[in-house]
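Below is one structure; the comments refer to it alone.
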Number of protein chains: 2
Amino acid sequence: MPTINDVARAAGVSPSTVSYVLSGRRPISAQTRARVQAAIAELGFHPHAGARALASSKTNVVALVVPLRVDVNVPVIMQFATAVVTAARTHNHDVLLLTKDEGTAGLERVAHSTMVDALIVMDVEKHDVRIPALRRLKQPTVLIGLPDDPAGIICVDLDFAAAAKETLRHLAWHGHRRIALVGPSPAVYRRGTSYADRFLAGFTEASAELGLETMTHPCEPAQDGVRTCLADIDAALDGVTALVVHNEEALRPLLDQLRAAGRRVPEDISVVAVCPRDVALSMPIPLTSVDIPSHDVGGLAVETVMKLLDGRHTEPIRLLPPTLVERESCAAPARSTGEVFKIS
Amino acid sequence: MPTINDVARAAGVSPSTVSYVLSGRRPISAQTRARVQAAIAELGFHPHAGARALASSKTNVVALVVPLRVDVNVPVIMQFATAVVTAARTHNHDVLLLTKDEGTAGLERVAHSTMVDALIVMDVEKHDVRIPALRRLKQPTVLIGLPDDPAGIICVDLDFAAAAKETLRHLAWHGHRRIALVGPSPAVYRRGTSYADRFLAGFTEASAELGLETMTHPCEPAQDGVRTCLADIDAALDGVTALVVHNEEALRPLLDQLRAAGRRVPEDISVVAVCPRDVALSMPIPLTSVDIPSHDVGGLAVETVMKLLDGRHTEPIRLLPPTLVERESCAAPARSTGEVFKIS
DNA sequence: ACCGCCTGTCGAAGCGCTTCGACGAACCCA
DNA sequence: TGGGTTCGTCGAAGCGCTTCGACAGGCGGT
């Protein structure tokens with residue numbers, strides 16, 4: 001591996017000149033620059049990342065902490081991750097992948113050992129134990145999510161509360177009055193997952209504002225969980241005409257079971273999903289949905305990190321406005337209320 | 001951030017002694033070691049990764065290259081990734097996440113700049129253009145997959161050829177003679193994806209050995225793709241009694257359509273899937289399947305990398321034997337052949 | 001008592017880069 | 001014509017760690 005000294009010798013300049021050609025931090029004449037670049041190309045020189053980090057206190061690496069759990073939505077995570085990597089690369093940064101199960105210790109490890117310049121943390125909980133630790137780090141952090149006390153930390157996410165409101169407004173506009181939320185699994189609520197909570201809060205609030213009769217129910221994604229969930233909803237909210245599904249994995253079994261029970265979507269019951277676009281489209285019937293724009297959120301997280309790294313100002317909290325796309329799973333409720341088939 | 005010198009001063013020893021306490025490369029008396037460790041703990045010292053990399057030529061980071069594409073199986077990729085991260089952590093290594101779309105350039109970038117000690121590459125193709133470049137790197141590489149010419153590179157994967165044989169053997173034992181393979185999407189074959197190819201080859205070979213009447217058909221995962229695929233199969237292989245599905249995303253629509261056409265599984269038609277365990281279990285009926293053991297393969301890849309890094313011997317190619325698990329989607333074919341319902 | 005050998009510790013060199021201050025040369029304006 | 005700038009380059013100091021050779025002291029064997 002050639003070093004910067006080799007390049008300098010080959011180009012007949014000093015190592016510092018090579019460095020300045022590389023970084024552009026001082027003016028270098030066109031001829032010299034050309035000679036240096038030729039030497040770099042010829043020798044196949046790549047600066048040593050460790051040496052660079054040592055001398056400059058910059059690694060050009062950001063950490064990405066992803067949940068390892070299976071009860072969170074795997075494809076969405078993957079979308080975030082690839083969005084983050086892709087965006088980071090456009091800023092000349094790489095991504096170090098950490099799993100949430102290393103907890104606070106993992107964050108401190110990579111931060112204290114100066115492996116990364118900044119951190120992006122996913123799957124944030126309401127009272128996330130990692131947050132105090134993150135505040136103490138010298139590296140800036142961006143959360144994808146929104147904890148109860150975000151003071152001192154930058155957060156970006158989809159505005160899930162607004163998404164819930166938008167959804168209910170849409171259904172109400174269609175004439176629905178009795179609406180149930182099929183939420184994520186109980187485990188997700190139990191650990192206070194930020195997005196689940198915010199959607200729920202927005203749902204409840206909008207329900208009151210719009211004067212709707214609603215209920216909310218968590219849902220295990222497997223067939224059984226969905227069955228139970230639907231039965232509970234039918235029992236508690238007679239004549240429900242619309243379902244809001246904030247649970248990507250339950251979506252398919254739910255549609256299956258509605259069909260099995262002879263309830264047509266959207267004629268007998270409307271369904272609005274909160275999920276990525278491709279999931280909404282891959283269902284047997286294209287679903288009216290609020291998009292989860294993983295790509296945008298991931299990109300925004302990276303942009304924000306870059307801003308922080310070069311000291312530019314940034315909003316502490318950025319919540320992307322939701323977009324509801326009408327497709328084919330939502331219609332006005334049947335006139336004859338109470339005529340809805342029940343799941344046996 | 002305290003440095004090794006701060007620790008040395010606090011413990012009343014020289015920096016090299018601290019280093020030896022940390023690395024264990026030279027004997028240190030129990031008292032000294034205790035003093036040093038106390039100082040480390042008290043100061044909250046973490047060695048600077050860049051400095052370490054510079055001095056030792058080791059980064060304790062391995063690169064993981066994942067496909068970015070959407071036509072590959074996202075959850076499986078994620079399983080691999082988390083398995084790799086988890087396993088790497090047990091060996092005190094971190095994982096740098098790269099996407100395949102950076103191609104050869106990305107690999108060379110991280111390797112030449114000494115960001116990583118080794119590379120693990122997923123989504124390998126038959127004639128993968130990255131392989132010549134990988135051979136030239138000074139860092140060892142482990143492929144998850146098996147290219148046509150694996151010379152000089154270590155490969156680990158599930159033995160997909162054996163998986164195909166196992167599957168056909170199982171179906172033949174049940175009495176099936178007319179069997180179709182529903183494969184991955186045409187795009188996957190077109191770019192010569194290693195696992196798709198090997199499964200196909202194993203399938204064809206075993207079919208001949210067992211004297212079966214079989215056909216193979218790629219399948220786009222959406223509803224339409226599955227419909228076409230099933231229609232083609234029915235047209236070409238009259239009275240087919242079993243389907244081998246090597247396409248996780250097509251699985252669900254395929255089962256839907258069989259049901260819609262009134263073909264019961266397993267009474268009218270048997271289905272054997274090649275997919276992760278949890279996918280097989282999450283279907284409306286638990287599927288007999290050959291497991292894709294992402295966790296094991298990912299773990300094995302990391303173990304192999306570690307062996308290479310400390311110069312231990314390792315087999316150039318390790319293919320894990322497949323495990324077929326009987327569940328409920330496979331039975332003997334109906335006696336009255338030709339009585340199978342057709343998809344309209 | 002002597003030599004050779006471990007054991008435990010230290011000092012210093014160096015890993016490859018960035019960056020700061022210095023400095024000659026060229027330039028502009030008075 | 002000279003003083004102040006700006007431009008382009010160099011040298012050297014370090015960033016924080018590992019590792020090698022050296023060496024003092026204690027051991028056992030003869």
Side-chain angles (χ1 to χ4, degrees), chain A residues 1-37 39-40 43-61 92 109-117 138 310, chain B residues 1-37 39-40 43-61 92 109-117 138 310:
Chain A
M1 294 278 99
T3 75
I4 202 173
N5 292 294
D6 301 329
V7 174
R9 208 172 309 123
V13 298
S14 83
S16 51
T17 301
V18 177
S19 180
Y20 288 123
V21 167
L22 251 24
S23 69
R25 296 183 157 288
R26 288 211 178 160
I28 298 290
S29 71
Q31 305 96 298
T32 308
R33 197 180 320 124
R35 283 217 314 287
V36 168
Q37 276 159 347
I40 288 176
L43 298 178
F45 167 73
H46 290 253
H48 185 293
R52 215 166 213 195
L54 180 56
S56 69
S57 313
K58 287 185 187 175
T59 62
N60 276 37
V61 174
N92 222 341
R109 184 172 56 78
V110 298
H112 289 155
S113 63
T114 325
M115 299 185 77
V116 301
D117 292 338
K138 67 170 196 295
D310 44 55
Chain B
M1 293 279 96
T3 73
I4 203 173
N5 292 293
D6 301 327
V7 174
R9 208 171 310 122
V13 299
S14 82
S16 52
T17 302
V18 177
S19 179
Y20 289 124
V21 167
L22 252 25
S23 68
R25 297 183 154 290
R26 287 213 179 160
I28 298 289
S29 71
Q31 305 96 296
T32 307
R33 199 181 316 127
R35 284 216 315 286
V36 168
Q37 276 159 346
I40 288 176
L43 298 178
F45 166 74
H46 290 254
H48 186 293
R52 211 165 217 199
L54 181 55
S56 69
S57 313
K58 286 184 189 177
T59 62
N60 276 38
V61 175
N92 222 342
R109 184 173 56 78
V110 298
H112 289 156
S113 63
T114 325
M115 300 186 76
V116 301
D117 293 338
K138 69 170 193 298
D310 42 57

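In the text below, chain A, chain B and the rest are named by the order of the sequence lines, each starting its count at 1. Scope of the values below: all heavy atoms of this structure, side chains included, with no hydrogens, waters or symmetry mates.
Nearer the 5' end of DNA chain C, as judged by each residue's closest nucleotide, is the contact made by B:Gln31, out of B:Ala55 and B:Gln31. When each of B:Leu54 and B:Ser23 is assigned the nucleotide of DNA chain D with its nearest heavy atom, B:Leu54 is the one assigned upstream, toward the 5' end.
Applying the side chain to side chain contact (heavy atoms under 4.5 Å, CB included) test to A:Ala39 and every residue at least two apart in sequence or in another chain returns A:Val7, A:Ala10, A:Ala11. A search for side-chain hydrogen bond (donor to acceptor under 3.5 Å, both in side chains) contacts involving A:Asn60 returns nothing, not counting sequence neighbours. Not a single salt bridge (charged side-chain N to carboxylate O under 4.0 Å, His left out) links B:Arg33 to another residue, sequence neighbours left out. Scanning for side-chain hydrogen bond (donor to acceptor under 3.5 Å, both in side chains) contacts around A:Ser16 gives A:Ser14, with sequence neighbours left out. Partners of A:Arg109 by side-chain hydrogen bond (donor to acceptor under 3.5 Å, both in side chains), not counting sequence neighbours, listed by chain and number: A:Glu102, B:Asp94. Shown here are the side-chain hydrogen bond (donor to acceptor under 3.5 Å, both in side chains) partners of B:Asp310, two or more places apart in sequence or in another chain: B:Arg312.
When DNA chain D is scanned in the 5' to 3' direction for atoms under 4.0 Å from non-hydrogen atoms of chain A, the outermost contacting nucleotides are D:dG8 to D:dG16.
Note on residues 8-29 of chain A: pairs passing salt bridge (charged side-chain N to carboxylate O under 4.0 Å, His left out), not counting sequence neighbours, are A:Asp6-A:Arg9.
With rounding to the nearest 0.5 Å, the separation of CE in B:Met1 from OG in A:Ser57 is 12.0 Å.
With a 4.5 Å cut-off on side-chain heavy atoms, B:Leu22 and B:Ile40 count as touching. No side-chain heavy atom of A:Met115 sits under 4.5 Å from any side-chain heavy atom of A:Val61.
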Between the protein and nucleotides 22-27 of chain C, are there any N/O to N/O pairs under 3.5 Å, and if so, what are the atom names and distances?
{"unit_1": "C:dA22", "atom_1": "N6", "unit_2": "A:Arg26", "atom_2": "NH1", "d": "3.4"}

Distance-only criterion, 3.5 Å: show the donor-acceptor pairs between side-chain atoms of residues 43-52 of chain B and protein atoms not counting sequence neighbours.
{"unit_1": "B:His46", "atom_1": "NE2", "unit_2": "A:His112", "atom_2": "ND1", "d": "3.4"}
{"unit_1": "B:His48", "atom_1": "ND1", "unit_2": "B:Gly50", "atom_2": "N", "d": "3.0"}
{"unit_1": "B:His48", "atom_1": "ND1", "unit_2": "B:Ala51", "atom_2": "N", "d": "3.0"}

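The overall bend of the helix from C:dA1-D:dT30 to C:dC27-D:dG4, read as the angle between its terminal helix axes built from five base pairs each, is 40° when rounded to 10 degrees.
Of all the residues in residues 7-21 of chain A, A:Ser16, A:Ser19, A:Tyr20 reach under 4.0 Å from DNA chain C with at least one non-hydrogen atom.
The residue A:Pro27 sits close to a base: some heavy atom pair falls under 4.0 Å.
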